[in-house]
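Accompanying notes for the structure given below.
Just the heavy atoms: all of them, side chains too, but no hydrogens, waters or symmetry mates, feed the values below. Just so you know, these numbers come straight off a predicted model, no measurement behind them. Within every chain, numbering begins at 1; the chains are lettered A, B, ... in the order of the sequence lines, protein sequences first and strands thereafter.
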2 protein chains.
Amino acid sequence: MLKKLDPLLHSELRLAIMSLLISVEKAEFTYLKEQTEATAGNLSVQITKLEDAGYIIVKKGFKGKIPQTTCNITKKGIEAFEKYVEDLKDYLKL
Amino acid sequence: MLKKLDPLLHSELRLAIMSLLISVEKAEFTYLKEQTEATAGNLSVQITKLEDAGYIIVKKGFKGKIPQTTCNITKKGIEAFEKYVEDLKDYLKL
DNA sequence: ATAAAGTAGTTTATAATATAAACCAAATTT
DNA sequence: AAATTTGGTTTATATTATAAACTACTTTAT
C-alpha cells in the first residue's frame, strides 16, 4: 500500500530545490540560496547529489567576472518528482 | 514561501505510522510492523519519538499471556499531521 | 598598491538521524 | 527440556544533513 519514497527527494532541501526548478527554465545558485535560505555549503552538497542522480544539470559559467552556477531540471528529474508526489499522496491521504 | 517541515513527521517511517494511525481508532505494534514492513527495532524507536512528542499514546498490555503494545494518535498528533500536509503542498505544487 | 571586505562557491568535519544487529523475557512447539 | 517463535527494547553502526572552514577571485576603501 505505502510505496517506498525516493530517498533522494525525501529531503527538505533537495525537495525545495526540485520544487523551485520544476517551475522555471533554469535558476542560479544564488537564487536557490535566497529562496531556500540554506547555507551555501549545504546547498552545494545537495545540488551535487541531485546532479549525480541525473535529476538536474549544473552549468558553471561567469556573469562578467564573477562565477555563476545555473541549474535546470532534467526529464528524469521531472519524472522522479512527479512519481514522488504520487507516492506521497498515499501517506498524506490526498 | 516554503515553510519549514516538521522534522518529526518528515521521516518515511514516522509518517507512515502517523498515516496509518490517523484512519483508525488504535493499532497494535504488530499491525504497524506488518503494514510498514519496518524492523521491530526501528519501529520501536520511531514510536517512542512520536510518543515523546505527544503525537501518539502508547499503551502496554497483554493479549492473553503475550505482551501487546497499542498506539493511538492524539489531537496534537492529528493537528501536526494536518499542518505537515498543508506545508508540504507548497513543495509539491498541490 | 595593498589591505579589507564581499561574492560564489567547495571541501571537510561534525551533529543528527535512521537503521540494523544484538539482546531480553516470556510463550509455544517439538 | 531444548529449540523456536513472539513481542518487543537497547545499543551500535551506517547514512544523511548541516555547519564550519577553506579556496579563489572581485570590489571597495586607504
**OP:** Could you check which residues of residues 50-58 of chain B get a heavy atom under 4.0 Å from DNA chain D? Sort them by number, please.
**Re:** none
Side-chain atoms of residues 51-66 of chain A: list all donor-acceptor pairs with protein atoms under 3.5 Å, sequence neighbours left out, distances to 0.1 Å.
unit_1: A:Tyr55; atom_1: OH; unit_2: A:Asp6; atom_2: OD2; d: 2.7

Subject >> Qualifying salt bridge (charged side-chain N to carboxylate O under 4.0 Å, His left out) pairs with a residue from residues 23-42 of chain A, counting only residues at least two apart or across chains >> reply: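 Listed once each, the pairs would be none.
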Original post:
Under the salt bridge (charged side-chain N to carboxylate O under 4.0 Å, His left out) rule, what pairs show up with a residue in residues 84-94 of chain B, not counting sequence neighbours?
Top reply: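 Every pair satisfying salt bridge (charged side-chain N to carboxylate O under 4.0 Å, His left out) with a residue in residues 84-94 of chain B: B:Lys3-B:Asp90, B:Lys83-B:Asp87, B:Glu86-B:Lys89.
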Subject >> A:Thr48 side chain to A:Ser44 backbone, donor-acceptor under 3.5 Å >> reply: yes
**OP:** Kindly say whether B:Leu5 contributes a backbone atom to a donor-acceptor pair with the side chain of A:Glu12 at under 3.5 angstrom?
**Re:** yes
Original post:
Nucleotide by nucleotide, 5' to 3', does protein get under 4.0 Å of the base (B), only the sugar-phosphate (S), or neither (-) in nucleotides 8-21 of chain D, counting heavy atoms?
Top reply: BBBB-----SBSB-
Original post:
Of all heavy-atom pairs between B:Ile17 and B:Leu32, which one has the smallest distance, and what is that distance?
Top reply: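 Shortest heavy-atom separation between B:Ile17 and B:Leu32 comes out as CG2-CD1, 4.4 Å.
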Original post:
What pair of heavy atoms forms the shortest contact from A:Ile22 to A:Ser19, and how long is it?
Top reply: CG2-O, 3.4 Å
Original post:
Residues two or more places apart in sequence or in another chain: which of them pass side-chain contact (heavy atoms from CB on, under 4.5 Å) with A:Ala16?
Top reply: A:Thr36, B:Leu2, B:Tyr91
**OP:** Apply side chain to side chain donor-acceptor pair (under 3.5 Å) to A:Asn42 and list each qualifying residue two or more places apart in sequence or on a separate chain.
**Re:** A:Gln46
From [atom1] of [X] over to [atom2] of [N], roughly how many Å is that when rounded to an integer?
| X | N | atom1 | atom2 | answer |
| --- | --- | --- | --- | --- |
| A:Ile47 | C:dT11 | CD1 | C1' | 15 Å |
| B:Glu34 | D:dT6 | CD | P | 11 Å |
| A:Leu5 | C:dT17 | CG | P | 18 Å |

**OP:** For DNA chain C, find the residues of residues 15-23 of chain A with a heavy-atom distance under 4.0 Å and give them by number; none if there aren't any.
**Re:**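 Going residue by residue through residues 15-23 of chain A, none turns out to have a heavy atom under 4.0 Å of DNA chain C.
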**OP:** Check salt bridge (Lys or Arg N to Asp or Glu O under 4.0 Å) between B:Glu79 and all other residues, then give those that pass, not counting sequence neighbours.
**Re:**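 Listed in chain order: B:Lys75.
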